[in-house]
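First the structure, in the form of structure tokens, and then the observations on it.
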Amino acid sequence: MKLSKTTINFAKKRGIFFDVCEADEFVECDRLWFFFEEDACEPDLSYLINDNGTFTYFDTLTLNNEVKEELPATIRDEKHLREVIEFLANEIKED
């Protein structure tokens, strides 16, 4: 799956950057990695990329439990993804 340029630019303006990690021997499907610093080595958050265009929560390394609990288990589509990006941008700005 490829994210639209609209979503990528929307995220960049809010200080969130993406990378797609391809499936490997540990995880059977591709993952969408979220970075809250452009040059970070490890993703702050990851969702599995499903064949039907949805995303399923996978893991977070840096988000506190209060923020993590507010994240949707499934992101329905790119419009919903932009809503999640907006939420995350507001939360990481407060930290």
Side-chain angles (χ1 to χ4, degrees):
M1 173 185 196
K2 189 171 181 179
L3 293 177
S4 70
K5 203 165 192 141
T6 300
T7 298
I8 292 168
N9 289 335
F10 182 88
K12 276 185 183 179
K13 287 179 184 176
R14 288 154 181 82
I16 297 174
F17 307 90
F18 296 118
D19 195 9
V20 173
C21 177
E22 294 184 4
D24 55 29
E25 65 272 8
F26 303 108
V27 181
E28 294 180 3
C29 54
D30 294 349
R31 286 157 285 166
L32 179 62
W33 284 355
F34 292 65
F35 296 88
F36 303 149
E37 293 181 24
E38 191 169 14
D39 298 327
C41 297
E42 294 288 326
D44 294 285
L45 172 66
S46 61
Y47 273 79
L48 300 174
I49 302 172
N50 303 310
D51 292 336
N52 63 0
T54 65
F55 305 87
T56 304
Y57 175 82
F58 183 70
D59 192 24
T60 182
L61 297 176
T62 61
L63 293 173
N64 65 45
N65 283 335
E66 291 81 26
V67 174
K68 188 170 123 176
E69 289 173 4
E70 295 296 322
L71 291 172
T74 301
I75 298 174
R76 298 180 303 274
D77 52 27
E78 276 201 60
K79 182 180 179 204
H80 190 203
L81 176 60
R82 288 191 291 273
E83 291 172 11
V84 172
I85 292 165
E86 188 69 41
F87 166 75
L88 287 168
N90 289 327
E91 292 300 319
I92 60 176
K93 192 183 332 178
E94 294 175 8
D95 282 346

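This chain uses plain numbering: 1 for the first residue, then up along the sequence. Below, all heavy atoms of this structure are taken into account, side chains as well, without hydrogens, waters or symmetry copies.
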To the nearest 0.5 Å, atom CD1 of I92 lies from atom CG of N64 at 12.0 Å

With a sphere of 6.0 Å drawn around CG of D51, does it hold more than 12 non-hydrogen atoms of other residues, nucleotides or ligands?
no

Once salt bridge (charged side-chain N to carboxylate O under 4.0 Å, His left out) is applied, what residue pairs with a partner in residues 37-48 remain, sequence neighbours excluded?
none

Side-chain heavy-atom pair F55, L48 within 4.5 angstrom cut-off:
no

Ring centres of F35 and F18 under 6.0 Å apart?
no

Indicate yes or no: at least one non-hydrogen side-chain atom of Y57 is less than 4.5 angstrom from one of Y47.
yes

Heavy-atom nearest pair, K2 first then E78, reads O-OE2, 4.0 Å

Between E28 and A23 the two heavy atoms that sit nearest each other are O-CB, 3.3 Å

Can you see which heavy atom on E70 is nearest to which on E66, and at what distance?
CG-O, 3.4 Å

L32 side, atom CG; N50 side, atom CG - distance, nearest 0.5 Å
11.0 Å

Student check: side-chain heavy atoms of L88 and L63 closer than 4.5 Å:
yes

Quick note, salt bridge (charged side-chain N to carboxylate O under 4.0 Å, His left out) partners involving residues 5-14, not counting sequence neighbours, are R14-E86

V84 versus P72, closest heavy-atom pair with distance
CG2-CG, 3.6 Å

Residues which pass side-chain hydrogen bond (donor to acceptor under 3.5 Å, both in side chains) with T6, listed by chain and number, not counting sequence neighbours:
none

Please answer: with hydrophobic residues joined when any side-chain heavy atoms are less than 4.5 Å apart, are V20 and I16 in the same cluster?
yes

Does some side-chain heavy atom of T7 sit less than 4.5 Å from a side-chain heavy atom of I85?
yes

One should read off an interatomic distance between F36 CZ and L45 CG, to the nearest 0.5 angstrom, of 5.5 Å

Rounded distance [0.5 Å steps], CG in D19 versus CG in L3
10.5 Å

Please tell me whether W33 and F58 are part of a single hydrophobic cluster in this structure, the criterion being side-chain heavy atoms less than 4.5 Å apart.
no

In Å and rounded to the nearest 0.5 Å, what is the OG1 to CZ distance from T62 to F34?
11.5 Å

If the test is side-chain contact (heavy atoms from CB on, under 4.5 Å), which one of D24, D59, T56, I49 qualifies with R31?
D24

Would you indicate whether the side-chain heavy atoms of T60 and V67 approach each other to under 4.5 Å?
no

Enter the distance from E83:CD to F10:CZ here, rounded to the nearest 0.5 Å.
9.0 Å

Honestly curious: do F17 and I75 fall in one hydrophobic cluster under the side-chain, below-4.5 Å linking rule?
no

